[in-house]
Amino acid sequence: MTFSLAGLLGNSAPGQATGLDRSTVSLTALANLNALSPQNVPQIAPAATTVAAVEKIAPEKIGVEPVAAAEEEEFDTLAQAVAAQDSAAADEALQCLAGAIYFESKGEPLTGQLAVAEVIINRAKSGRFPADVCAVVKQRGQFSFVRGGQIPNINAGTAYRTAIAVAKVALADAWNSPAQKALYFNTPDRRPSVRAVKVASIGNHVFYR
């Protein structure tokens with residue numbers, strides 16, 4: 001018993017344990033690692049399929065409209081553009097614009113009605129008049145049909161339905177007006193009170209900018 005203890009003490013160094021066979025442990029660990037079978041190794045799928053999917057994204061997926069879509073809205077005449085519109089006055093701006101067309105130019109040719117609408121829209125965009133259609137129409141001292149800042153009631157007859165359709169064409173910019181950039185209009189025997197340049201004469205109105 002005394003001999004065995006002495007032998008162990010004689011073979012020991014400070015901070016080391018001689019009873020541990022490090023070479024044996026290392027060989028065993030390596031053997032276990034080498035024993036791993038291929039099916040236990042996670043498989044990483046190639047990224048090529050992801051790249052291919054990106055390349056096949058259609059234009060409409062990123063908000064690009066086909067060019068042909070715009071061509072479907074083209075018309076041969078202003079009458080066709082007006083006839084293609086429905087007669088529902090969907091919002092306040094449309095009602096105000098249609099009211100101005102009705103009171104200022106009913107009975108005028110379609111080009112004259114469109115030119116009246118163009119004047120009101122141009123004013124709203126100009127920065128020199130109120131910034132929305134209804135405010136332009138109801139501005140004090142501008143249109144004689146406005147009473148107390150309000151547009152009178154209108155009977156929903158043929159002339160008003162036409163006015164609504166013309167207003168829709170104007171707001172959609174679906175037809176070029178012969179009075180583009182015009183800001184004023186009047187009868188031939190009167191001129192605007194401001195200094196203006198004549199743009200067009202249509203029906204019973206002369207248009208200025």
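This one's a predicted model, so the numbers in the text were calculated from it and none came from an experiment. These numbers come from the heavy atoms of this one structure, side chains and all, not from hydrogens, waters or symmetry mates. For the single chain, residues carry numbers from 1 onward in sequence order.
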Looking only at heavy atoms, which two atoms of Pro178 and Ile202 are closest? And how far apart? CG-CD1, 3.4 Å

Heavy-atom closest contact (Ala115 atom, Ser177 atom, distance): CA-OG, 3.7 Å

To the nearest 0.5 Å, how far apart are SG in Cys134 and CD in Gln150? 9.5 Å

Sorted by chain and number, sequence neighbours left out, side-chain hydrogen bond (donor to acceptor under 3.5 Å, both in side chains) with Gln142 holds for Arg123

Euclidean distance, Tyr102 OH relative to Asn155 CG, rounded to 0.5 Å: 6.0 Å

Determine whether Phe207 and Lys198 make a side-chain contact, defined as any pair of heavy atoms from C-beta on separated by less than 4.5 Å. no

Does the side chain of Ile101 come within less than 4.5 Å of Tyr160's, by heavy atoms? no

What distance separates Ile120 CD1 from Leu97 CG, expressed to the nearest 0.5 Å? 5.0 Å

Common cluster, Trp175/Val166, ILVMFWY with side-chain heavy-atom separation under 4.5 Å: yes

Under 3.5 Å, side chain of Gln113 to main-chain N/O of Glu108, donor-acceptor pair present? yes

Whether Phe185 and His205 hold their rings parallel, tilted or perpendicular, with breakpoints at 30° and 60°: perpendicular

Residues that Tyr208 engages under ring-ring contact (aromatic ring centres under 6.0 Å, His included), provided they are two or more places apart: none

Are there over 12 heavy-atom neighbours, none belonging to Glu92, within less than 6.0 Å of that residue's CD? no

Using side-chain heavy atoms (C-beta onward) and a distance below 4.5 Å, is Pro152 in contact with Phe103? yes

To the nearest 0.5 Å, atom CD of Gln139 lies from atom CZ of Phe143 at 8.5 Å

Hey, does Asn186 have a side-chain heavy atom less than 4.5 Å from the side chain of Arg191? no

Are Val199 and Leu110 connected in the hydrophobic side-chain network, where two residues link if heavy atoms are under 4.5 Å apart? no

Using every non-hydrogen atom in the two residues, find where Leu78 and Thr111 come nearest and quote the distance to one decimal. CD2-N, 3.6 Å

Nearest 0.5 Å, please: how far is CD1 in Ile164 from CD in Gln95? 8.0 Å

Heavy-atom nearest pair, Ala163 first then Ala98, reads CB-O, 3.5 Å

Is it the case that Arg161 and Thr158 place a side-chain donor and acceptor less than 3.5 Å from each other? yes

Show the nearest heavy-atom pair for residues Leu94 and Ala167, with the distance to one decimal. CD1-CB, 3.5 Å

Please name the pair of heavy atoms, one in Ala135 and one in Pro130, separated by the smallest distance, quoted to 0.1 Å. CB-CB, 3.4 Å

Given 3.5 Å as the limit, does a donor-acceptor pair link the side chain of Asn122 with the main chain of Leu183, or not? no

From Lys138 NZ over to Asp132 CG, what is the distance, rounded to the nearest 0.5 angstrom? 9.0 Å

Under 3.5 Å, side chain of Lys168 to main-chain N/O of Asp86, donor-acceptor pair present? yes

Heavy-atom distance under 4.5 Å between the side chains of Val206 and Tyr184, does that happen here? no

Is there a donor-acceptor pair closer than 3.5 Å between any side-chain N or O of Thr77 and the backbone N or O of Gln80? yes

Verify, without hydrogens or angle tests, whether Gln85 (side chain) and Ala81 (backbone) share a donor-acceptor contact under 3.5 angstrom. yes

